[in-house]
Protein chains: 2
Amino acid sequence: MTQPTDKPADSSALGPIPKAVINRLSLYLRELQRLVRDGSETTSSTQLGKLLEFTDAQVRKDLAYFGQFGYPGIGYRCSELITRIKEILGTNQRWPIAMVGLGNLGRALLGYRGFTHQGFEVACVFDVDDAKVNRQFEDIPVYHLDRIVEIVPKLGIRLAIIAVPAPAAQKVADALVAAGIQGILNFAPVTITVPRHVNLEGVDLAIELEQLSFAIVNIQWRQS
Amino acid sequence: MTQPTDKPADSSALGPIPKAVINRLSLYLRELQRLVRDGSETTSSTQLGKLLEFTDAQVRKDLAYFGQFGYPGIGYRCSELITRIKEILGTNQRWPIAMVGLGNLGRALLGYRGFTHQGFEVACVFDVDDAKVNRQFEDIPVYHLDRIVEIVPKLGIRLAIIAVPAPAAQKVADALVAAGIQGILNFAPVTITVPRHVNLEGVDLAIELEQLSFAIVNIQWRQS
DNA sequence: TAGATTGTTAATCGATTAACAATC
DNA sequence: TAGATTGTTAATCGATTAACAATC
């Protein structure tokens, strides 16, 4: 073997990265942004771990999937680590989003805007109600669902949020896929199916609440 | 050994139940309810697995944590399994919920009501805005945050939803804990700390979207 | 230097899957 | 009966944690 055995930390060689790691990456980012706001210059795996209730080893292992970001004896420079995590997550760019459904939940999410400062921004809304279509809502244009295949590629949109009633969700997903959407965040409380090349995340408030009621009713089982 | 080795499936003897199992239980429930609506009498671990993209072994293992619900050669009776899962999750009863924050997100969640048919129901809302306090919103009474310790126990409320801006979330959580709340669903994009005896779930839309942007930008990593 | 902290390997732990006897 | 499907054990797989040499 002429190859040196101590190869560089090439993330592409480490095999697939567990989904749980990416989720924690988002949590590190959120925590780092708060640390910077509160005036911290540097942090450490121990501090990040304590804040999020992870072990220090876990923090270092997670970051090591993507390279060497830290300074032995020092820790991590917060702003540097923020930049690197954003690069990894792909949020060092703007992500225009198509939202489908302008009912209670859709309007709520639009008004909420709790995710805009991470680079996500609803660029247009689709609905089937003629009373809502071809107007603006909160400065965002609303189009008829039929025009999804026309408008989504034109605006370079790759992410969509489904906020329609459960019975309509699968058809909406099919339309989004046809329009070339690459990732879907589904708020409808129903299982939807998409091709393997389309990424899917689901948020179901009833399921979140059920996790809590289970934990309360079965006190003996303290998580994991 | 006089004890028979084939002891009954006593869930309390199986050690702590993984959180992931409880989450899948909610998914089974959702799928079973849909199957019943579509006219199915029975189902099987294979069918449930196919619908949710789990292995059949996983479905059976998950259910086996809680007892024997199936019929060899037949499968599971949908309505019976629904009843049993609701018992396990604790949703065979009503859960009044206290919601804190009547901003965009709070109003949205109230109007949404996508979780009411699982037994969860917002019983009252707390806010600090005098213009909103001591009125009704969507038929639900709105109180000042100061009255949380008075009203939550009186209404027998054990679950709360935090829908306030991030900087206010920790103080709200502290107040909820003081009021005796046992479970919190936090929508504020910030890490909050609660005593060990209080259950906490967080939903952060930015984090969900980041999982999608990561998957799109790093096509080589197809989950887990 | 001494103290702190990283990146990384090996050990441990836990969760998923495969296999199959028991059952309908 | 033959075919289907469960509940459960053992085998596999993957993720977390502990430990430590290297580094600042």
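Please read all numbers here as calculations on a predicted model, not as lab measurements. Order of the sequence lines fixes the chain letters, A, B, ..., with proteins taken first and strands second; residue numbering starts at 1 for each chain. Worth knowing before you read on, the calculation uses all heavy atoms, side chains too, and leaves out hydrogens, waters and symmetry mates.
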Between the side chains of [Y] and [X], is the shortest nitrogen-to-carboxylate-oxygen separation below 4.0 Å, so that they form an ion pair?
| X | Y | result |
| --- | --- | --- |
| A/K19 | A/E201 | yes |
| B/E210 | A/R30 | no |
| A/R94 | A/E121 | yes |

- Just checking B/Y76: base, sugar-phosphate only, or nothing, at a heavy-atom cut-off of under 4.0 Å? sugar-phosphate

Heavy-atom nearest nucleotide on DNA chain D taken for B/T43 and for B/K61; more 5' hit belongs to B/T43

By nearest-heavy-atom nucleotide on DNA chain D, the more 5' of B/G70 and A/T55 is B/G70

Strictly below 4.0 Å: does [X] bring a side-chain N or O up to OP1 or OP2 of [N]?
| X | N | result |
| --- | --- | --- |
| A/R24 | D/dT16 | yes |
| A/Q47 | C/dT5 | no |
| B/Y71 | C/dA22 | no |
| A/R60 | C/dT6 | yes |
| A/S45 | C/dT5 | no |

What is the distance, rounded to the nearest whole Å, between atom [atom1] of [X] and atom [atom2] of [N]?
| X | N | atom1 | atom2 | value |
| --- | --- | --- | --- | --- |
| A/L48 | C/dT5 | CG | C1' | 13 Å |
| B/L52 | C/dT17 | CG | P | 13 Å |
| B/E80 | D/dT6 | CD | P | 13 Å |
| B/L81 | D/dT5 | CG | C1' | 14 Å |
| A/D56 | D/dA19 | CG | P | 11 Å |
| A/F66 | C/dT8 | CZ | C1' | 16 Å |
| B/Q58 | D/dG7 | CD | C1' | 15 Å |
| A/K50 | C/dA4 | NZ | P | 13 Å |

Pairing partner of D/dT9, by Watson-Crick or G-U wobble and under 3.5 Å for both distances, is C/dA18

Any strand, both distances under 3.5 Å, Watson-Crick or G-U wobble: C/dT23 pairs with D/dA4

Query raised in the report: Do the rings of B/W95 and B/F120 sit parallel, tilted or perpendicular, given the 30° and 60° boundaries?
Result: tilted

Of the listed D/dT6, C/dG7, D/dT8, the closest approach to the A/Q68 side chain comes from C/dG7

Per atom distances to the A/P72 side chain, the nearest of D/dA18, C/dT8, D/dT23 is D/dT23

Practice problem: State, yes or no, whether a side-chain contact exists between B/T83 and B/N92 at a heavy-atom distance under 4.5 Å. | Solution: no

* To do: Could you tell me whether the side chain of B/I157 reaches within less than 4.5 Å of the side chain of B/I97, counting heavy atoms only?
  => no

Result for 5'-nearest mapping on DNA chain C, choosing between A/I74 and B/V21, is A/I74

